[in-house]
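As the structure is a computational prediction, the values presented were derived from the model and not from experiment. Proteins come first, then strands; the chains are lettered A, B, ... in the order of their sequence lines, and each starts at number 1. Hydrogens, waters and symmetry mates play no part in the numbers below; they use all other heavy atoms, side chains included.
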There are 2 protein chains.
Amino acid sequence: MSSVRTVPTLDDVARKAGVSTATVSRCLNSPERVVERTRTKVMRAVEDLGYTPNFGAKVMAAKRTFTIGAIIPTMENAIFARGLQAFQEELHARGYTLLVSSTSYRPEIEAEQVRALVARGADGLLLIGYARHPDLYRYLRQREIPTLLAWAFLPGADQPCIGFDNRRSMQALANKVIAMGHRDIAMISGIVEGNDRAEGRRQGIIDALLENGMDPAAMPIIETPYDIDNGAEAFEQLLRGGTRPTVVMCGNDVLAAGAMRRARELGISVPDDISITGFDDIELARILTPSLTTVHVPHREMGRRAAAELVRMVEHESKGQPEQLDSSIMLRDSLKRIP
Amino acid sequence: MSSVRTVPTLDDVARKAGVSTATVSRCLNSPERVVERTRTKVMRAVEDLGYTPNFGAKVMAAKRTFTIGAIIPTMENAIFARGLQAFQEELHARGYTLLVSSTSYRPEIEAEQVRALVARGADGLLLIGYARHPDLYRYLRQREIPTLLAWAFLPGADQPCIGFDNRRSMQALANKVIAMGHRDIAMISGIVEGNDRAEGRRQGIIDALLENGMDPAAMPIIETPYDIDNGAEAFEQLLRGGTRPTVVMCGNDVLAAGAMRRARELGISVPDDISITGFDDIELARILTPSLTTVHVPHREMGRRAAAELVRMVEHESKGQPEQLDSSIMLRDSLKRIP
DNA sequence: GAATCAAATGTAAGCGCTTACAGTACGGGT
DNA sequence: ACCCGTACTGTAAGCGCTTACATTTGATTC
């Protein structure tokens, strides 16, 4: 059908320029090793033919790709988007290309994507959180793929990671909430199974309760996927059960936004009738009415540092330095002091 | 330093299983062509060695990658995130892997990413909008890379595209606004240069003004990057100039959210003192107080259809069928009728 | 038990590139 | 005129895989 004008190869360029393939290759990869006159001749041929090197062949021969892969649970969440954007910008500045894929929070898809990226020659990998099957870690180690975990910091983890301590951060917020007089606390949590961040956040609240001599078992918890509508639904469900809590602490800002929306729909005033808190401090938090009390996480900073460290790992300048970032509590209007 | 335990190859597997490389290859790619007994023997060897095929070599030999590339302006915008998530899910269901990269709205980076993805053997490409340098289109055509443009629909464009007519959609919204009695309209637009979506939306408002015998030149327009803070800034700037508009139409929901935040900060009531509209209908729109009047775009639907069509193109079952989706106006609380 | 033929497997030629090593050209010292 | 060293450039061997084609195997038939 279509004219089978085949894609030009190194060979075509060499022939057209009247030199060997080695010379063309050198022109492209280490121009200083070839004399001016030859180089311009070759470059002309490259232009004329519209030649672009075949990446697969290149990788196979050279064993380096200058590609970093990142695998995130979902692209829909602003948290990852932010950090990843910074990650990508930093990588680009260092001459690396970022390839992203997502897993919809499904471990088996993550494993698949890891293999896909490794097979495609990724020099290094960025993964979210530390909870995953040992086999996957074993695979990565065997392949000697530098891997950095982000969005989590587990003191003493054996994988290099960069992030913050989800548990401690949430504990700090819960302590604040308690200090403001709240005793009837409820929580809307993300799905904990296979998600160390969600798990850490839930534990953080429990830690705070214990610390203050309260009973964690008495706290109503609803576990639901991260999603606005789910937040709304969970909030309503929480209200149906027995005594109304004075505060609903949410596993992230998105859930909190859903809860606030439903509160409004039900004619319940935040924070006068009930307080609500979030986690992440995405832009949403400042836009909501009332503005959302939450835990601020330095996403961009994390993305940037992750890129720097991962490149160092790939270039064998570091074995992976764990790095803990600070989170901070953003007190805003959605949380009210109880008399 | 580290034991140089080299990565296992097809050859290693073949040797270990006592068969030829061809047989191993067949076991992996068309298992039905090899007898049960041999297959299990080979699979065992694969397991034992932890073998994963080298993608580069595979591509080079087979010329197919089952990889689709998508290049978006930014990951930070929920619009693309949504559609892309659906795109990825659909692709995954069809056995393709999606690789994403972003450009920060910079054309030269886009060109670079296109080449990176093509070099890596992407079977097909998803690009956003149609405005880009002819050279890039030429390159794609020469390489015979099936390319689908999304998030835009230009009647009569020569590239296959899937999306909606930004201009008509915004025109419809503006007509509605005018029908509700507004005469003093101002606009906060995204950067138009090199962004056909932003351009279309601006033109749409102008079309509506002309249609209603109003003077487009009299409409204040502020052009600013898509970003909440910029929306806020632009809103304030708009108020400083002469007569206060009765409505501010924004190029997207994010800008509108910024405008609403600033309005609240300035003690201006929406919609009593001033109306505000957006575009895209991201989740934000329903959460804002007051809820945002905007144009609804079926992002997920678009992502899903784009995946289906692009796969058809890659598999030579379609040459690229342009597809126009419908948008609709979501009338909500941020827009008020003027007496 | 020989002949036949389909199914299973093996052989080996690339795919497009990099790079160790070999070859060539040329200027300068003796 | 000869020898050397230096600076380029060419030759050719892979890199790990797929696949056309050749060969072997083994079930089936007469």
Side-chain angles (χ1 to χ4, degrees), chain A residues 4-43 45-46 49-67 115-116 118-123 143, chain B residues 4-43 45-46 49-67 115-116 118-123 143:
Chain A
V4 188
R5 190 212 292 102
T6 178
V7 173
T9 72
L10 237 211
D11 230 56
D12 298 327
V13 176
R15 203 164 317 121
K16 173 138 188 171
V19 298
S20 73
T21 60
T23 300
V24 178
S25 174
R26 279 189 284 256
C27 273
L28 266 22
N29 301 307
S30 37
E32 75 286 356
R33 299 191 45 203
V34 76
V35 81
E36 172 80 30
R37 223 175 62 83
T38 321
R39 205 188 322 152
T40 57
K41 201 169 53 179
V42 170
M43 288 316 192
V46 168
L49 262 33
Y51 167 81
T52 332
N54 174 312
F55 191 74
K58 188 166 181 157
V59 171
M60 216 166 93
K63 313 275 190 188
R64 271 306 300 284
T65 65
F66 290 96
T67 299
R115 276 160 217 273
V118 168
R120 263 152 256 245
D123 289 337
R143 276 291 194 289
Chain B
V4 188
R5 190 210 292 101
T6 178
V7 173
T9 72
L10 238 211
D11 231 56
D12 299 326
V13 177
R15 204 163 320 119
K16 172 139 190 170
V19 298
S20 74
T21 61
T23 299
V24 177
S25 175
R26 278 188 285 255
C27 273
L28 266 23
N29 300 307
S30 37
E32 74 286 357
R33 299 191 45 204
V34 66
V35 79
E36 171 79 28
R37 223 175 63 82
T38 320
R39 203 186 324 149
T40 57
K41 200 169 54 180
V42 170
M43 288 316 192
V46 167
L49 262 33
Y51 168 80
T52 332
N54 175 312
F55 191 74
K58 187 165 183 158
V59 171
M60 217 166 88
K63 311 278 190 188
R64 272 306 299 285
T65 65
F66 289 94
T67 299
R115 276 161 217 273
V118 168
R120 264 153 255 246
D123 289 336
R143 276 291 196 288

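- Dashed line: the shortest gap from a side-chain N or O of Thr21(B) to OP1 or OP2 of dC17(D) is not under 4.0 Å.
- Contacts of Ser25(B) with the nucleic acid, taken as non-hydrogen atoms under 4.0 Å apart, include base atoms.
- If you check every strand for non-hydrogen atoms under 4.0 Å, Val59(A) touches nothing.
- One interatomic measurement links the two molecules: CG of Asn54(A) to P of dG14(C), which rounds to 18 Å at whole-angstrom precision.
- Under the 4.5 Å side-chain criterion, counting only non-hydrogen atoms from C-beta, Met43(B) is in contact with Leu28(B).
- In this structure, Phe55(B) CZ and Thr65(A) OG1 are separated by 12.5 Å, a value rounded to the nearest 0.5 Å.
- The side chain of Ser20(A) contributes no N or O atom lying less than 4.0 Å from OP1 or OP2 of dT11(D).
- Under the 4.5 Å side-chain criterion, counting only non-hydrogen atoms from C-beta, Val118(B) is not in contact with Thr52(A).
- Rounding to whole angstrom units, CZ of residue Arg26(B) and C1' of dT11(C) are separated by 10 Å.
- No engagement by Phe55(A) is indicated, since no non-hydrogen atom pair under 4.0 Å with the nucleic acid exists.
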I would like to know whether Lys58(B) and Asn54(B) meet side chain to side chain contact (heavy atoms under 4.5 Å, CB included); could you show each step before the answer?
CA-CA 6 Å; Lys58(B) 187 165 183 158; Asn54(B) 175 312; over 6 Å; no

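- Spacing between atom CD of Glu36(B) and atom C1' of dA7(C) amounts to 15 Å, rounded to whole angstrom units.
- The separation between Glu32(A) atom CD and dT6(D) atom C1' is 16 Å, rounded to whole Å.
- In this entry the distance linking CG of Leu10(B) with P of dG10(C) reads 13 Å, nearest Å.
- The CZ-P distance, from Arg33(B) to dA6(C), rounds to 15 Å in whole Å.
- Atom CZ in Arg15(B) sits roughly 12 Å away from atom P in dC17(D) (whole-Å rounding).
- Both Met60(B) and Arg37(B) lie close to DNA chain C; mapped to their nearest nucleotides by heavy-atom distance, the more 5′-ward contact belongs to Arg37(B).
- Atom CZ of Arg15(B) sits about 7.0 Å away from atom OG1 of Thr9(B), to the nearest 0.5 Å.
- For dT18(D), the OP1/OP2 oxygens have a side-chain nitrogen or oxygen of Asn29(B) closer than 4.0 Å.
- Considering only side-chain atoms of Ala57(B), the nucleotide from dC17(D), dG14(D), dG10(C) that sits closest is dC17(D).
- A straight line from CG of Asp11(B) to P of dG16(D) spans 9 Å, rounded to a whole angstrom.
- Nucleic acid contact for Thr9(A): sugar-phosphate only, since backbone atoms but no base atoms lie under 4.0 Å from a heavy atom of the residue.
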